[in-house]
Amino acid sequence: MNRKDKLTEVINACPIYGITGGTRDVVPLVKDMLSAGIRIIQYREKGKTPILRYQEAMILRRLTYDYHALLIIDDYVDLALAVYADGVHIGQDDLPPNTVRRIVGPNMLIGWSTHSISDLKAANRYTGVIDYIGVGPIFSTQTKPNANPVGISYVYWAKQFSKFPIVAIGGIKTTNTDIVWQAHPDFICAVSEITESDNIQNTVYELMTGYSRVR
Ligand code: TZP
Ligand code: MG
């Protein structure tokens, strides 16, 4: 299956994009996300040693295979290759998308974070190179405290002009998904709302509030 079809299949199965983080043990966290129906998991663990990241990501590789879910590695292109991940997620300060594509080859998904309309325009020049974009942070968030919120209007812009599926992220809670879904993102991603939830199944269900009205 090509990269685009892989993503479309996941979007149709469950439009919630899962990201690890927080203080909970990452393996049980991801098990709960997968059993709640999430089909794309980004491993985003910045403060750990390379060996621990490798060990954890390897376990997640097996788990995500079992659930027919995609595994995306944040930041570390080498780790993504080492664990046979489905994709790698990079930001504006990482290696340029063309370079990452050259390293990972034709099969791996590449996600790119964007934070402004000029980022969005730049992203559109990478057709055939990147596969989806992150748009955010929409609202202010403790998970990324130094980033400026871009507001919901950016999601509308991105949906209209992006050549790629968009992942809305940043400050999304079960209480505000309604207005986010109205901007028609392909995925929404709520990091702390899920990692801090004591009932992930229920939280994922609540994050879908407002989705049925836009689909
Ligand atoms: N990129 C933009 S905002 C963000 C990332 C990784 C963090 C979002 O975390 P939360 O807890 O959903 O606000
Ligand atoms: Mg990054």
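Read the numbers this way: they start at 1 and go in the same order the structure lists the ligands and their atoms.
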- Message: Which atom name would you report as the N, O or S atom of D75 nearest the Mg ion (ligand 2)?
- Response: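 Among the N, O or S atoms of D75, the one closest to the Mg ion (ligand 2) is OD1.
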- Less than 4.5 Å apart, any side-chain heavy atom of I194 and any of I38?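 A side-chain contact under 4.5 Å exists here.
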Among all protein heavy atoms, pick the one closest to [atom] and tell me residue, atom and distance.
{"atom": "atom 5 (C) of ligand 1", "result": "I169 CD1, 3.4 Å"}
{"atom": "atom 12 (O) of ligand 1", "result": "V191 N, 2.7 Å"}
{"atom": "atom 13 (O) of ligand 1", "result": "T141 OG1, 2.5 Å"}

- Could you walk me through whether S35 and Q201 pass the side chain to side chain donor-acceptor pair (under 3.5 Å) test, one step at a time? CA-CA 7 Å; S35 44; Q201 184 99 35; 5.2 Å; no
- Message: What verdict does the side-chain contact (heavy atoms from CB on, under 4.5 Å) test give for W181 and R213, after you've listed the backbone C-alpha separation in whole Å, the side-chain angles of each residue and the deciding distance to 0.1 Å?
- Response: CA-CA 9 Å; W181 282 127; R213 263 186 282 134; over 6 Å; no
- Per-atom contacts, ligand 1 versus A190 - under 4.0 Å to a heavy atom: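 Per the distance check, 12 (O).
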- Going by the order shown, which atoms of ligand 1 are within less than 4.0 Å of some heavy atom of R44?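 By the 4.0 Å cutoff, the relevant atoms are 6 (C).
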- Task: Examine V214 and V135 and state if one hydrophobic cluster contains both, with Ile, Leu, Val, Met, Phe, Trp and Tyr joined whenever side-chain heavy atoms are less than 4.5 Å apart.
- Result: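 Linked, V214 and V135 end up in one cluster.
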- Query: How close do A123 and T114 get, heavy atom to heavy atom, and via which atoms?
  - Reply: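 What the structure gives for the nearest pair is CB-CG2, 4.3 Å.
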- Message: So, 4.0 Å and heavy atoms of A147: is ligand 1 close enough to count as a contact?
- Response: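 It does not, in that no heavy atom of A147 comes within the 4.0 Å cut-off of ligand 1.
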- Item | Parallel, tilted or perpendicular: ring planes of H89 versus Y132, cut at 30 and 60 degrees |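 The arrangement is tilted - the two ring planes meet at 30° to 60°.
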- Item | Side chain, backbone, both or neither: E193 near ligand 1, heavy atoms under 4.0 Å |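 No part of E193 comes within reach of ligand 1.
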- Message: For S192, which part has a heavy atom under 4.0 Å from ligand 1: side chain, backbone, both, or neither?
- Response: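 The answer is both, backbone and side chain.
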- Task: Please check if any side-chain donor atom of R61 sits under 3.5 Å from a side-chain acceptor atom of Y84, or the reverse.
- Result: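 No donor-acceptor contact under 3.5 Å links the two side chains.
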